[in-house]
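Since the structure comes first, as structure tokens, the remarks are kept for the end.
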Amino acid sequence: MENVKASEAQRIIGECIKPLGVESVSLEQSLGRVLAEQLTANRDLPPFAVSAMDGFAVRAVDVGTAPKTLEIIEEINAGEMPRLAVQAGQCARIMTGAPMPRGADAVIKVEDTEAVEEGRVRIGVTADAGNFVRPRGESMHLGDVVLTAGTPIFPGVVGVLATVKARRFSVYRRPTVAILSTGDELEGLDEPVDPTKIPDSNTYAVMAQVQSLGIEPVMLGIARDDPVALEALLKHGLECDVLLVSGGSSEGARDLVRPCVEKLGVQIKFWRVATRPGHPFAFGQREATYFFGLPGYPVSSMVCCEQFVLPALRRLMGQTRVYRRTVKARLAQPFRAHPGRTEFVRVVLSQEALEFVATPTGSQSSMVLLSMARAEGFMIVPADCKGLAAGDYVTVQLLDGAVLQESMGFNE
Ligand code: AMP
Ligand code: MG
């Protein structure tokens with residue numbers, strides 16, 4: 001299969017790629033990884049019923065006829081155990097998180113009480129049993145499954161892991177990823193400016209995309225359009241789990257990537273995908289190593305990396321939800337589509353009333369990388385779309401920057 005649709009490319013890659021093996025990490029190093037084991041609660045939490053407020057632990061029956069004055073028998077702070085049981089007509093002063101004394105079944109918060117004489121308090125409100133009491137095991141019960149294998153580790157998960165005292169645990173391994181740019185016209189970052197050359201941006205843009213998943217890539221640099229030099233670098237790159245090569249994958253006489261990787265034993269699954277930008281985007285496999293041929297043009301390279309490579313890397317790292325979230329938006333201006341290809345249009349998002357508005361980030365040329373530098377999302381234009389009018393509803397895939405906005409948006 002040579003030319004595939006975007007959805008076929010997604011399916012073929014998804015079928016080939018399986019999560020890597022597992023390794024053990026410390027809690028401190030686990031953010032962004034994916035759990036490879038199930039974790040259970042090692043205790044009841046809280047270990048006993050506790051007060052949810054600073055106030056007075058009472059018997060609900062006693063305050064059924066509030067206001068009511070009760071005798072204070074002791075003070076219970078968080079971290080202390082009650083010594084006395086609350087009997088009829090009695091209460092205990094209690095602090096947030098302190099254990100409920102025997103006999104009491106409700107807490108009246110301090111704001112609803114009034115000090116009277118020494119040792120007595122006037123309760124101003126009634127309460128049902130359980131009022132402001134956190135029952136034993138509210139957070140978790142001993143033996144509960146709290147986290148399952150396949151859970152991506154976000155900050156909330158780190159908190160739960162610490163709660164169950166998971167100092168080390170098993171996660172899916174991160175892939176090793178090699179990055180190689182190709183082309184005689186490329187000028188390396190440290191080379192002096194030569195007006196006849198093209199600065200190599202793909203190496204670094206793709207590096208950053210890979211780093212966004214917490215992977216530190218192996219940087220192979222620039223291969224010139226020479227089969228011997230290229231082959232040596234490709235050979236090195238194929239020792240990693242994933243090899244990303246940009247450029248050199250079109251039909252030109254200097255496009256040597258395909259013959260070279262095939263010679264090295266890579267089995268090509270497809271060589272072109274019907275996307276815009278994109279097109280010369282290739283995928284292949286050699287045993288446990290995956291090869292991705294990214295287009296040379298900087299925008300095309302980043303779009304294909306975002307759409308196909310990053311989901312593959314997430315899958316290798318054990319994630320099951322590997323694609324970016326999409327939202328519905330209204331298009332700000334008409335858009336001339338290119339039927340036959342799935343298009344990824346770089347857009348910025350604004351909000352009007354309750355809707356997102358998507359505005360393309362200027363030139364959509366695959367050479368104009370500034371369109372990516374400004375983008376908050378990709379508007380996905382289906383291959384069968386003949387064109388879009390201003391105000392049409394479109395689907396926008398959110399990129400990282402899109403999560404930030406100026407105000408918190410509380411409607412208060
Ligand atoms: P190619 O696919 O090798 O024919 O590359 C197509 C075009 O993409 C080249 O003419 C360059 O303008 C551009 N290009 C290729 N590689 C890079 C790179 N690493 N960084 C920036 N632009 C590149
Ligand atoms: Mg080239």
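Every heavy atom of this structure was used, including side-chain atoms; hydrogens, water molecules and symmetry mates were not. In listed order, ligands and their atoms are each counted from 1.
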Side chains of [X] and [Y]: do they bring a donor and an acceptor to under 3.5 Å?
X	Y	answer
S181	T203	yes
T395	K328	yes
Y393	R330	yes
E262	Q267	no

How close does the nearest protein non-hydrogen atom get to [atom], and which residue and atom is it?
atom	value
atom 19 (N) of ligand 1	D200 OD1, 2.8 Å
atom 11 (C) of ligand 1	E185 OE2, 3.4 Å
atom 15 (C) of ligand 1	G296 O, 3.3 Å
atom 4 (O) of ligand 1	D255 OD1, 3.9 Å
atom 1 (P) of ligand 1	G248 N, 3.6 Å
atom 12 (O) of ligand 1	M367 CE, 3.8 Å

Worked check of salt bridge (Lys or Arg N to Asp or Glu O under 4.0 Å) between D105 and R59: CA-CA 5 Å; D105 58 4; R59 294 157 23 107; over 6 Å; no
Give the contacting part of [X] toward ligand 1: side chain, backbone, both or neither, where contact means a heavy-atom distance below 4.0 Å.
X	answer
S201	both
N202	both
P199	backbone
I222	neither

Please round to the nearest 0.5 Å and tell me the distance separating atom CE of M302 and atom OG of S366. 13.5 Å
Just do the ring pair (Phe, Tyr, Trp, His ring centres under 6.0 Å) check on F281 and F308 with the steps written out, would you? CA-CA 9 Å; F281 168 67; F308 302 107; 5.0 Å; yes
Residue pair L369 / S201, side-chain heavy-atom distance below 4.5 Å: yes
Mark up the atoms of ligand 1 that fall under 4.0 Å of a heavy atom belonging to [X], in ascending order.
X	result
S250	2 (O)
S181	19 (N)
I198	22 (N)

Y290 and F283 aromatic ring geometry - parallel, tilted or perpendicular at 30°/60° bounds: parallel
Do Y297 and ligand 1 have an N or O pair less than 3.5 Å apart? yes
